[in-house]
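Proteins get letters first, then strands, A, B, ... in listed order; numbering begins at 1 in each.
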There are 2 protein chains.
Amino acid sequence: MEEQALSILRDHGLSVTTVRKGILDVFLKTGQALSHSDLEGQASGQLDRVTVYRTLQAFVGKGIIHVIPTSDNSLRYALCRDACVDGHHHDRHVHFICHHCGKATCINQLDVPSVRLPRGYRMQEVSMVVHGVCPNCD
Amino acid sequence: MEEQALSILRDHGLSVTTVRKGILDVFLKTGQALSHSDLEGQASGQLDRVTVYRTLQAFVGKGIIHVIPTSDNSLRYALCRDACVDGHHHDRHVHFICHHCGKATCINQLDVPSVRLPRGYRMQEVSMVVHGVCPNCD
DNA sequence: ATGATTCTGCAACTCTGTTGCAAATTTAGT
DNA sequence: ACTAAATTTGCAACAGAGTTGCAGAATCAT
Ligand SMILES: [Mn+2]
Ligand SMILES: [Mn+2]
Ligand SMILES: [Zn+2]
Ligand SMILES: [Zn+2]
């Protein structure tokens, strides 16, 4: 676990610090998509808000995590499973958010279906978010 | 136009006020998906921030407008084309957001494709947002 | 027209996210 | 292992987004 965080940082060209390993460990342990405030709480020891923001930005930029938009204005972040490099993401899977427990999950086995946009639109990224009730809360 | 705003309010059981007609008119005129701050600017005369928040909430609740989540934490709102009633929305079309001009558009003619979630997940709502470059900016 | 109900605008507040900067940590070179 | 350069961290201060309570204004039903 510790080891894994370390190699992820190395592999993506980020210097290895306590904070970064800590945040990455939370992602690895929970396996969930986490909001900014989830992280402020869950990580061992107190984390500075600003540092969390900057760390998440860095992780997104380097392709370590990806962003999940929600309809309640609270972004979630989750580890990239595929090898996303330097901001060029290709995590085209469906995301699920439970209305009951609030947990966000990457449905890695389910790719976002492709769509044909009307003439003139150029697609760069696509996201599909499903809201509902998760297996745990059903 | 004025008439249309009026009947939309009546049809959804909301009392008719200057502010509500004003905000609804902006949606009708532009035909675009608008952010909160778009509205504060565009409406004729000054609008109170708080009133805009409460108006948008009321409209979403009554099924007059729907929410479009984005990956930059700024919600957009757009008129429901179908007859959504009392919070029970069924606007299952794709949304497009242009990276260049920032405009958000309902692609009404393109339904969100259906997906089969893994066993145990119960789907309630689904949203599909495409980011890219719009015809005007291409 | 009148009273009951709902909506509006203001003030005050909390929460979220950003920026600049100095101290601490990490990295790379010796 | 030591050192200097580069990066990261935490703090303070700020700007923006969103919420709540309340009194006056507008709307609605009779
Ligand atoms: Mn994901
Ligand atoms: Mn729409
Ligand atoms: Zn759940
Ligand atoms: Zn555009």
Side-chain angles (χ1 to χ4, degrees), chain A residues 2-3 5-26 33-62 64-65 67-77 86 102 104, chain B residues 2-3 5-26 33-62 64-65 67-77 86 102 104:
Chain A
E2 268 288 323
E3 271 313 308
L6 197 140
S7 68
I8 291 178
L9 290 172
R10 291 247 164 85
D11 290 354
H12 289 84
L14 284 177
S15 49
V16 177
T17 70
T18 313
V19 174
R20 284 174 179 169
K21 272 189 297 187
I23 292 183
L24 215 34
D25 275 341
V26 178
L34 302 169
S35 67
H36 177 98
S37 60
D38 287 340
L39 284 166
E40 274 196 75
Q42 298 213 30
S44 56
Q46 297 301 53
L47 286 181
D48 183 59
R49 263 165 15 89
V50 179
T51 306
V52 175
Y53 280 116
R54 293 198 265 226
T55 304
L56 291 175
Q57 271 181 224
F59 284 5
V60 172
K62 292 293 185 180
I64 297 177
I65 59 178
V67 183
I68 304 161
T70 76
S71 18
D72 71 337
N73 237 348
S74 76
L75 298 180
R76 312 301 183 89
Y77 301 87
D86 263 17
Chain B
E2 267 290 323
E3 270 315 308
L6 197 140
S7 68
I8 291 178
L9 290 172
R10 291 246 164 83
D11 290 354
H12 290 83
L14 284 178
S15 50
V16 177
T17 70
T18 314
V19 175
R20 285 173 178 170
K21 273 190 295 185
I23 292 183
L24 215 34
D25 275 340
V26 178
L34 303 170
S35 68
H36 177 97
S37 60
D38 287 340
L39 284 166
E40 272 196 75
Q42 297 214 29
S44 57
Q46 297 302 51
L47 286 181
D48 183 59
R49 265 165 14 88
V50 179
T51 307
V52 175
Y53 281 116
R54 292 198 266 226
T55 305
L56 291 175
Q57 271 181 223
F59 284 5
V60 172
K62 293 293 185 179
I64 297 176
I65 59 177
V67 183
I68 304 161
T70 76
S71 17
D72 71 336
N73 235 350
S74 75
L75 298 180
R76 312 303 182 86
Y77 301 87
D86 263 17

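The shortest distance between the side-chain N/O atoms of B:Thr51 and the OP1/OP2 oxygens of C:dG9 is below 4.0 Å. Between A:Thr17 and D:dT9 there is a side-chain polar atom (N or O) within less than 4.0 angstrom of OP1 or OP2. At D:dA6, none of the side-chain N or O atoms of A:Ser15 fall inside 4.0 Å of OP1 or OP2 (strictly under the cut-off).
Among the nucleotides C:dT26, D:dT8, C:dT18, the one closest to any side-chain atom of A:Gln57 is C:dT18. Minimum atom distance to the side chain of B:Val50 is reached by C:dA11, of the listed C:dC7, D:dT9, C:dA11. Side-chain proximity of B:Thr55 to the nucleotides D:dA17, D:dT8, C:dT8 is greatest for C:dT8. Which of C:dT8, D:dA17, D:dC11 sits closest to the side chain of A:Asp48 comes down to D:dC11.
Closest of all the heavy-atom pairs between B:Leu24 and B:Ala5 is CD2-O, 3.6 Å. Here the shortest heavy-atom pairing between A:Lys62 and A:His12 reads O-CD2, 3.0 Å. Closest approach of A:Gly102 to A:Arg76, counting heavy atoms only: O-NH1, 3.1 Å. The two residues B:Val52 and B:Glu40 have their closest heavy-atom pair at CG2-CG, 4.3 Å.
Going from atom CG of A:Leu56 over to atom C1' of C:dT18 covers 14 Å, rounded to whole Å. Across the protein-nucleic acid pair, A:Leu9 atom CG and D:dT7 atom C1' stand 14 Å apart, rounded to whole Å. Between the CG atom of B:Asp72 and the P atom of C:dG17 there is a distance of 11 Å, rounded to whole Å. Atom-to-atom, CZ of B:Phe59 to C1' of C:dT6 comes out at 14 Å; the value is rounded to the nearest Å. Across the protein-nucleic acid pair, A:His36 atom NE2 and D:dA17 atom P stand 18 Å apart, rounded to whole Å. Between the CG atom of A:Leu14 and the C1' atom of C:dT27 there is a distance of 13 Å, given to the nearest Å. One interatomic measurement links the two molecules: NE2 of B:His12 to P of C:dT6, which rounds to 19 Å at whole-angstrom precision. Following rounding to the nearest Å, A:Tyr53 (OH) and D:dA15 (P) show an atom-to-atom distance of 17 Å.
Residue B:Val19 is classed as a sugar-phosphate contact, given heavy-atom separations below 4.0 Å to backbone atoms only.
A:Arg49 contributes no side-chain N or O that forms a donor-acceptor pair with the base of D:dG10 under 3.5 Å.
Looking at A:Arg20, its side chain never comes within 3.5 Å of a backbone N or O of A:Thr55 through a donor-acceptor pair.
Of the two residues contacting DNA chain D, namely B:Val16 and B:Leu75, the nearest-nucleotide position lying further toward the 5' end is that of B:Leu75. The nearest heavy atom of DNA chain C to B:Asn73 and to B:Arg54 marks one nucleotide each, and the one closer to the 5' end goes with B:Arg54.
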